[in-house]
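None of the values given here were measured: they were computed from a predicted structure. Computation of the quantities below employed the complete heavy-atom set of this structure, encompassing side-chain atoms and omitting hydrogens, waters and symmetry-equivalent molecules. First listed ligand is number 1; within each ligand, the first listed atom is number 1.
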Amino acid sequence: MAEDVFVDERRHMVEELRRLGIHDEKVLSVMEKIPRHLFVPEYMRHLAYEDSPLPIGHGQTISQPYIVALMTEALELQGEEKVLEIGTGSGYQTAILAELAREIFSIERLHTLAEGARRRLELLGYGNVHVRVGDGTLGWPEEAPFHRIIVTGGLPQLPHSLWEQLADGGRLIAPIGGRYDQYLWLYIKERGAQRKRALCPCTFVPIVGAHGWPDEASLRRRFFGFHRQEEGGSERDV
Ligand code: SAH
């Protein structure tokens, strides 16, 4: 592999995460190791270790490192879990999960992003990841139950299907709220009952799906009665 010129930048990013209150050493050491610059578009590599989200194309973003660290820490992974992720995006969060849990099932709505993530994760040697194109708000019933579920886009409410697919004793983390701002919630299933805790305010791109937000094309159809072809819109909705 070519020499990694980002080692120092990654170390600084981790120092910053520590300063911001992330203290799980396993999470920090995995983030010090994973090459985030390979998960962002080439022209943005120099910004890969700033603590900010970055565009990854198709109107989507790779989440801010602090939020990724916070969510991962809150999952309290022990190493043996089966994890469901909704919103693969770049695959960066997926790689972190793959380092800390047994098997990862990740669902991405957009075909092009799913392909990119699959390719990157394969290249980096993660054999315990399965990426599927589909509507993650329906979960992955054939593989349920999951010990952990993580949703990396905003939802109007927690979908019943995801709660159902969470194992007893499991943890689910999701941004819930409005289309443009949410609160990060941690849900814990204890003998079927729900305990929940709000972690912090956040801003994620919307999860679009049956139990998520309607897509913008269908909103336009609903309000204006027509659908304008998206520019360069080769993206498939599923
Ligand atoms: N964890 C990703 C975040 C990507 S942003 C990263 O750090 O790169 C959220 C992603 O959710 C986007 O890629 C978007 O296309 C995807 N998404 C939106 N609605 C979805 C749905 N119903 N099912 C699965 N993925 C969805």
Side-chain angles (χ1 to χ4, degrees), residues 13 27 30-31 34-41 44 47-72 75 83-100 104-121 124 126 129-141 148-162 165 173-176 179-180 182 184 202-219 230 233-238:
M13 177 186 80
V27 173
V30 159
M31 290 184 73
I34 296 178
R36 188 171 188 258
H37 62 278
L38 299 183
F39 292 83
V40 305
M44 265 195 254
L47 299 174
Y49 298 101
E50 304 279 309
D51 190 25
S52 69
L54 292 170
I56 53 171
H58 312 275
Q60 310 304 322
T61 54
I62 178 172
S63 303
Q64 175 190 358
Y66 172 68
I67 290 287
V68 171
L70 188 75
M71 290 173 93
T72 311
L75 286 177
V83 182
L84 175 66
E85 179 191 33
I86 315 300
T88 319
S90 65
Y92 178 65
Q93 172 77 72
T94 325
I96 294 174
L97 297 170
E99 292 272 356
L100 296 168
I104 318 302
F105 295 83
S106 186
I107 310 177
E108 169 54 52
R109 172 175 167 261
L110 301 177
H111 191 262
T112 317
L113 290 180
E115 272 312 310
R118 212 178 261 143
R119 191 170 30 77
R120 263 175 227 120
L121 292 163
L124 290 169
Y126 294 108
V129 171
H130 313 269
V131 178
R132 168 200 260 194
V133 178
D135 178 2
T137 67
L138 304 172
W140 196 319
R148 301 289 187 267
I149 299 181
I150 174 169
V151 185
T152 67
L155 283 168
Q157 67 272 309
L158 178 64
H160 189 63
S161 34
L162 295 185
Q165 291 176 35
I173 190 156
I176 310 274
R179 196 168 173 120
Y180 302 105
Q182 310 87 28
L184 200 53
C202 56
T203 304
F204 278 81
V205 294
I207 291 290
V208 173
H211 304 297
W213 296 96
D215 67 26
E216 287 183 353
S218 81
L219 278 179
E230 299 280 343
S234 60
E235 205 53 78
R236 281 197 288 136
D237 288 352
V238 291

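If you check each of Ala117, Ala210, Ser90, Gly212 against atom 8 (O) of ligand 1, the one with the closest non-hydrogen atom is Ser90. Around atom 25 (N) of ligand 1, the closest heavy atom drawn from His58, Arg109, Gln60 belongs to Arg109.
Near Gly136, with a cut-off below 4.0 Å to any heavy atom, the atoms of ligand 1 are 21 (C), 22 (N), 23 (N), 24 (C). Close approach of ligand 1 to Leu113 (heavy-atom distance below 4.0 Å) involves ligand atoms 13 (O). For ligand 1, the atoms closer than 4.0 angstrom to any heavy atom of Leu110 are 15 (O). For ligand 1, the atoms closer than 4.0 angstrom to any heavy atom of Gly134 are 23 (N), 24 (C). When each atom of ligand 1 is checked for a heavy atom of Ile107 under 4.0 Å away, the hits are 24 (C), 25 (N). When each atom of ligand 1 is checked for a heavy atom of Gly89 under 4.0 Å away, the hits are 4 (C), 8 (O), 13 (O).
Between His130 and Phe105, the two ring planes are parallel [angle under 30°; tilted spans 30° to 60°].
Judged by the shortest distance from any of its heavy atoms, Thr88 lies inside the 4.0 Å radius around the atoms of ligand 1.
Annotation: side chain to side chain donor-acceptor pair (under 3.5 Å) contacts of Glu115 (sequence neighbours excluded): Arg118.
Using a 4.5 Å heavy-atom cutoff, the side chains of Leu84 and Ile107 are in contact.
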- Task: Using the side-chain hydrogen bond (donor to acceptor under 3.5 Å, both in side chains) rule, take Thr88 and Glu108 through it: C-alpha gap first, then chi angles, then the decisive distance, then the call.
- Result: CA-CA 5 Å; Thr88 319; Glu108 169 54 52; 4.6 Å; no
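Geometrically, ligand 1 and Gly153 share no nitrogen or oxygen pair separated by less than 3.5 Å.
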